[in-house]
Amino acid sequence: MSSIKIECVLRENCRCGESPVWEEASNSLLFVDIPAKKVCQWDSLSKRVQRVAVDGPVSSVALRQLGGYVATIGTKFCALNWEDQSVFVLAMVDKDKTNNRFNDGKVDPAGRYFAGTMAEETAPAVLERHQGSLYALFPDHNVKKYFDQVDISNGLDWSLDHKIFYYIDSLSYSVDAFDYDLQTGQIANRRIVYKMEKEEQIPDGMCIDAEGKLWVACYNGGRVIRLDPETGKRLQTVKLPVDKTTSCCFGGKDYSEMYVTCARDGMDAEGLLRQPDAGGIFKVMWSLGGK
């Protein structure tokens, strides 16, 4: 059996930390704080953090092949130049829904930036339902809308052979799969691969590991769970010392560590006393060869 070590590597006090992305070139973790409107880069070697403020809620960030980053800000797909902190709008969606914003987003292996929208929350996970849609920004800057009637568009990733697209609409309390065509970006045949258990609460961000298993952060559940998307079984539960776990990604040397973001918005004073690291960045490490 492997033993697990969990460490808060950065007490950032994010209101809603999200979208962790490992940047191998700089040994850094990128992440966003959605309502604080900032993109952050934590250097795992120097332990320094750099922050770039933007002009709207920033819900996801990704590496850009040309260098620099892309991000979803408000209802805009944007390019972000870290050096001069400038933002260039690439495309805008949901123009008829002024109360909407993007939520989670990720780039597929062919360079399409998938991200979905949702209505602004009145409290964490409380919002007008069915207002969101799933979109992708293609490398030629055209935007495709895949479907609408989404509540909280959330975690997304692709199978290791790129033939399956995994997706979470949080308030459906399930992890779904689609057949995926990497050449065209087409999706088809939506099905449920995992239904959340009651104590797991709300499925949020998601990533895939080197064995093709899914890891899902459970908002209000204080854990990340490892799922086998082929059998629909939960394989492992990693409990964290914070309730509002939001997303996860692998990084570090050989991508052997997992980084987990979380939130503190919606917590009362007593809750924050009990969970002083809420809003921080956590690192999960396995020893004795287990993952």
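Under the salt bridge (charged side-chain N to carboxylate O under 4.0 Å, His left out) criterion, Glu23 pairs with no residue, sequence neighbours left out. For Lys106, the salt bridge (charged side-chain N to carboxylate O under 4.0 Å, His left out) partners at least two apart in sequence or on another chain are Asp157. Residues forming a salt bridge (charged side-chain N to carboxylate O under 4.0 Å, His left out) with Arg112 (at least two apart in sequence, or on another chain): Asp108. A search for ring-ring contact (aromatic ring centres under 6.0 Å, His included) contacts involving Phe102 returns Phe77, not counting sequence neighbours. Residues satisfying the side-chain hydrogen bond (donor to acceptor under 3.5 Å, both in side chains) test with Tyr166, not counting sequence neighbours, are none.
Counted by atom type alone, Gln186 and Lys144 present one or more donor-acceptor pairs between their side chains at under 3.5 Å. Between the side chains of Thr261 and Thr246, at least one donor-acceptor pair of N or O atoms lies under 3.5 Å. Side-chain atoms of Tyr173 and Glu200 include no donor-acceptor pair closer than 3.5 Å.
Every pair passing salt bridge (charged side-chain N to carboxylate O under 4.0 Å, His left out) that includes a residue from residues 181-193 is listed here, sequence neighbours excluded: Asp176-Arg190, Asp179-Arg191. The list of salt bridge (charged side-chain N to carboxylate O under 4.0 Å, His left out) pairs with a residue in residues 115-135, not counting sequence neighbours, reads Arg101-Glu120, Arg101-Glu121, Arg129-Asp151. The salt bridge (charged side-chain N to carboxylate O under 4.0 Å, His left out) contacts involving residues 66-91 comprise nothing, where partners must be two or more places apart or lie in separate chains. Counting only residues at least two apart or in different chains, salt bridge (charged side-chain N to carboxylate O under 4.0 Å, His left out) contacts with residues 45-68 comprise Glu12-Arg51.
The backbone N or O of Pro203 lies less than 3.5 Å from a partner atom in the side chain of Ser170, making a donor-acceptor pair. With hydrogens and angles ignored, the 3.5 Å screen pairs no side-chain donor or acceptor of Ser19 with any backbone N or O of Phe31. Side-chain N or O atoms of Asp33 include one that pairs as donor or acceptor with a backbone N or O of Arg15 at under 3.5 Å. Using a distance-only test at 3.5 Å, with no hydrogens or angles considered, a donor-acceptor pair links the side chain of Ser159 to the main chain of Ile164. A donor-acceptor pair under 3.5 Å is absent between the side-chain atoms of Asp254 and the main chain of Ser256, judged by distance alone.
Hydrophobic cluster membership is shared by Trp22 and Val224, with clusters built from Ile, Leu, Val, Met, Phe, Trp and Tyr side chains linked at under 4.5 angstrom.
When hydrophobic side chains of Ile, Leu, Val, Met, Phe, Trp and Tyr are connected at separations under 4.5 Å, Ile192 ends up as a singleton with no cluster partners. Apart from Tyr146 itself, the hydrophobic cluster it occupies contains Phe114, Leu134, Phe138, Phe147, Val150, Leu156, Trp158, Phe165, Tyr167, Phe178, Tyr180, Leu182, Ile187, where clustering links Ile, Leu, Val, Met, Phe, Trp and Tyr at side-chain heavy-atom distances under 4.5 Å. Residue Met267 is found in a hydrophobic cluster whose other members, listed by chain and number, are Leu272; membership requires side-chain heavy atoms under 4.5 Å apart, directly or through intermediates.
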TODO: Would you sort out whether Tyr259 and Ser247 count as a side-chain hydrogen bond (donor to acceptor under 3.5 Å, both in side chains), showing the intermediate values?
DONE: CA-CA 8 Å; Tyr259 289 92; Ser247 194; over 6 Å; no
